[in-house]
Amino acid sequence: MSGAEKKANKQPFREVLSNNLFLIRLCLSASPAFVIFPVLDAVRNQVSIFFEHTVGIGYVLEAAEFHYPFERVAAVIILLFVCISIGMVFTVWVGDYVREKEGPKVRRKIKLMLYDKAKDLDLACYDNPDYYNEMVLAIAEVDKQIERCIQFLSNVFAGLATFITTGIYFLRKDGISILFAVCSFVLTFVFMQAYNRLSYQIRISRNPHERKREYVKRVFYLPDCAKEMRLNPGVSDSLYREFDAANEEIIAVEKKNAKKHFLFSFIANYIGNDFFCDVIYIGYLVLKATVWGTLSFSSVAILYNSFGRMKRGLRVFTDTYPFACESSLYIHRIRGFLEYESAIVSEENLVPDSRAKDVHINDLAFSYQKTGNDLLKNINIDIRPGEKIALVGYNGAGKTTLVKLLMRLYDPDRGSIEMCGRNIKSYDVEKFRRSIGVVFQDFRIFAGTVAENVVMDTIKGGEEGKIREALSDSGLLKRIDSMESGIERYLTTETRDDGINLSGGESQKLAISRVFYQNAGLMILDEPSSALDPIAEYQLNHAMLTATRDKTVIFISHRLSTTRIADRIIMLENGQVVEEGTHDELLARGGKYAGMWRVQAGAYM
């Protein structure tokens with residue numbers, strides 16, 4: 001267990017209370033009824049049980065022992081029956097109406113808050129395995145913690161109702177009985193706290209192995225992996241071994257903690273409750289009734305029965321605080337995730353315009369791992385408005401990383417990037433990113449219509465012409481028009497049976513349509529034609545030149561036939577600019593670019 005996790009387990013009471021109240025406030029803001037009515041029902045239930053099992057039965061036993069009139073006893077029983085029946089109707093209403101109606105509202109609001117935060121997280125968070133694990137755990141746990149939040153509140157108020165009603169009865173009948181209850185409470189509380197802390201440690205230890213097991217499970221049913229799995233049967237054997245290894249690790253974690261887990265549970269549940277109360281306390285009551293004669297037999301029966309309620313009520317408290325501690329550890333992650341403050345912020349909140357961008361990169365250096373060597377080193381590039389720039393280089397040269405810095409998905413460690421005469425940190429982050437049209441090589445097609453996948457936003461009236469123009473520029477409009485429903489055709493079969501899966505080349509054209517639709521002053525295309533055949537690539541290149549004639553364009557490509565359309569080519573190697581010039585200039589120079597060109601062109605000569 002890491003030092004951070006050990007520290008998390010030693011939560012002060014104030015932190016436990018603060019975290020649980022944080023989630024309670026979120027639930028209340030989404031639906032007060034979802035929180036309040038279950039709590040009222042929990043209190044009603046305990047009060048009803050008190051009057052039914054303690055007052056009612058006690059009264060009947062006393063009536064039998066001391067010969068009360070039948071009419072008087074019958075009237076009391078009928079009154080109790082009516083009150084209990086009304087309470088049961090209230091319980092049904094709370095369970096079948098309030099929780100079923102209001103629960104989805106609460107879960108929806110909190111999940112949307114998490115999703116909204118996730119979309120605004122710094123990309124660097126995804127590079128940090130610890131933070132990524134925190135994010136996954138926070139989102140995975142939210143439904144469970146909402147239910148635990150309501151259960152926590154209900155348990156607290158139910159326990160208070162039990163303690164107050166039964167405590168008053170004990171003080172009236174035999175005050176010493178409360179001491180037995182307190183002793184049982186303290187013993188159970190201490191060991192239940194240890195039990196729940198150990199349960200949390202086990203969960204944290206299991207988490208990485210469970211993630212590995214879940215990964216193997218996903219691979220076997222994801223359509224993206226289906227072809228590879230069938231063409232390479234040996235992969236299955238490797239995954240089976242990973243699955244077995246993960247299971248063995250989980251079993252090892254459970255075995256390692258099994259004895260302590262059992263011991264804590266045994267002391268808390270048996271010694272502290274059953275033995276202490278059912279053996280020692282009943283002996284005390286029998287002694288008072290038979291030897292000292294200070295209690296009637298009806299009082300012995302009711303005290304013992306009520307002590308069982310007091311014991312269970314106090315047991316709620318022994319379970320509730322450790323329960324709240326365990327919830328707090330998870331809520332702490334949810335809360336930390338929601339309260340995360342982005343490191344990439346706007347310094348002046350300037351709004352960029354839509355004109356063609358000029359870009360000036362000055363002495364830029366960057367590394368994903370701040371303690372490692374720089375991935376980009378001393379980059380200096382000047383791009384004029386409307387210029388078409390090609391970034392080339394071998395894998396790992398830093399091309400895509402440079403593009404991410406241009407879009408402020410990351411900030412450089414040293415140096416600066418200026419656009420239109422201002423440091424890009426001066427612009428409003430969200431508006432700045434929207435002012436750049438980009439397609440990455442690992443783009444995604446989302447479950448939605450063709451039009452929604454082009455606009456990447458809510459469709460507004462009157463946009464059909466612009467959407468069709470963008471699809472036409474990318475060369476995909478003819479294919480879309482041949483489909484039933486055209487641009488309203490639903491894509492992917494992941495969420496709808498009538499969806500359609502585009503081919504790799506078609507998907508790439510659709511992604512490029514997004515850039516044409518956006519009509520931004522700077523367009524960035526990362527491997528824009530990698531999935532296209534040579535004819536489609538030729539057509540796309542000319543369409544790009546036409547559609548972006550007044551725009552600044554940066555594109556990354558390993559296919560150097562595409563780079564010929566660029567005004568200037570910049571070659572990166574090991575995170576540095578090693579060559580710069582036009583296609584013809586670089587070939588004449590006979591350097592690294594010329595070497596790459598000869599390797600690719602040689603296959604066709």
Side-chain angles (χ1 to χ4, degrees), residues 111-112 115-116 118-121 123 126 222-226 354 400 403-404 407 409 430-431 433-533 536-537 539-541 543-544 546-548 551 553-557:
K111 283 187 176 180
L112 285 176
Y115 299 156
D116 193 54
K119 74 178 178 60
D120 292 330
L121 281 180
L123 210 58
Y126 291 85
L222 284 177
D224 292 346
C225 304
S354 59
T400 299
V403 164
K404 290 177 180 177
M407 296 192 65
L409 295 175
E430 185 175 344
K431 292 182 173 63
R433 290 172 180 165
R434 286 181 183 174
S435 73
I436 301 174
V438 62
V439 175
F440 287 112
Q441 57 184 323
D442 54 353
F443 65 89
R444 288 290 180 267
I445 301 299
F446 295 95
T449 65
V450 172
E452 289 169 340
N453 267 278
V454 172
V455 176
M456 297 294 283
D457 201 346
T458 304
I459 304 293
K460 301 174 184 176
E463 293 189 324
E464 181 177 348
K466 190 176 177 182
I467 294 170
R468 293 179 63 82
E469 183 181 353
L471 290 167
S472 177
D473 287 339
S474 70
L476 189 60
L477 182 61
K478 186 176 180 181
R479 169 73 174 108
I480 298 302
D481 282 341
S482 69
M483 298 179 186
E484 182 182 351
S485 304
I487 64 172
E488 296 302 319
R489 185 61 188 268
Y490 208 85
L491 298 181
T492 84
T493 57
E494 189 166 345
T495 59
R496 287 177 54 161
D497 294 336
D498 61 346
I500 186 172
N501 291 315
L502 299 177
S503 69
E506 291 168 344
S507 297
Q508 194 161 48
K509 289 180 180 179
L510 179 61
I512 293 168
S513 299
R514 296 167 180 168
V515 178
F516 290 147
Y517 172 86
Q518 195 170 349
N519 194 30
L522 172 61
M523 297 184 178
I524 299 174
L525 304 168
D526 190 349
E527 294 288 349
S529 57
S530 60
L532 303 182
D533 58 71
E537 179 186 26
Q539 293 171 340
L540 177 65
N541 288 342
M544 270 197 299
T546 302
T548 64
K551 308 294 182 184
V553 181
I554 299 173
F555 57 91
I556 300 171
S557 181

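Quantities reported herein were computed from a predicted structural model and do not represent experimental measurements.
Taken from OG in S507 to CG in L491, the straight-line distance is 8.0 Å, to the nearest 0.5 Å. Taking CD1 of I556 as the start and CD1 of I524 as the end, the distance is 8.0 Å to the nearest 0.5 Å. Remark: I436 CD1 to M523 CE distance equals 11.5 Å, nearest 0.5 Å.
Counting only heavy atoms from C-beta outward, the side chains of N501 and T493 approach each other to under 4.5 Å. Annotation: side chain of E464 is not in contact with side chain of I459 (no heavy-atom distance under 4.5 Å). Counting heavy atoms from C-beta outward, V450 and L476 have side chains that stay 4.5 Å or more apart. Using a 4.5 Å heavy-atom threshold, the side chains of Q508 and F443 count as touching. You'll find the side chain of N453 reaches within 4.5 Å of the side chain of R514, heavy atoms only.
Contact detail for Q518 and R433: the closest heavy-atom pair is NE2-O, 4.3 Å. Minimum heavy-atom separation, D473 to F516: CB-CD1, 3.4 Å. For the pair S435 and A520, the tightest heavy-atom approach, listed with the atom from each and the gap, is O-CB, 3.2 Å. Closest of all the heavy-atom pairs between I445 and L510 is CD1-CD2, 3.6 Å. Across all non-hydrogen atoms, the minimal contact from Y517 to A470 is N-CB, 3.6 Å.
Applying the side chain to side chain contact (heavy atoms under 4.5 Å, CB included) rule to T449 yields the partners A451, E452, E488, Y490; only residues at least two apart in sequence or on another chain are considered. Under the side chain to side chain contact (heavy atoms under 4.5 Å, CB included) criterion, M483 pairs with R479, I480, R489, I500, L502, sequence neighbours left out.
Surrounding NZ of K119 are more than 12 heavy atoms belonging to other residues, nucleotides or ligands, all under 6.0 Å away. Heavy atoms of other residues, nucleotides or ligands lying less than 6.0 angstrom from NZ of K431 number 12 at most.
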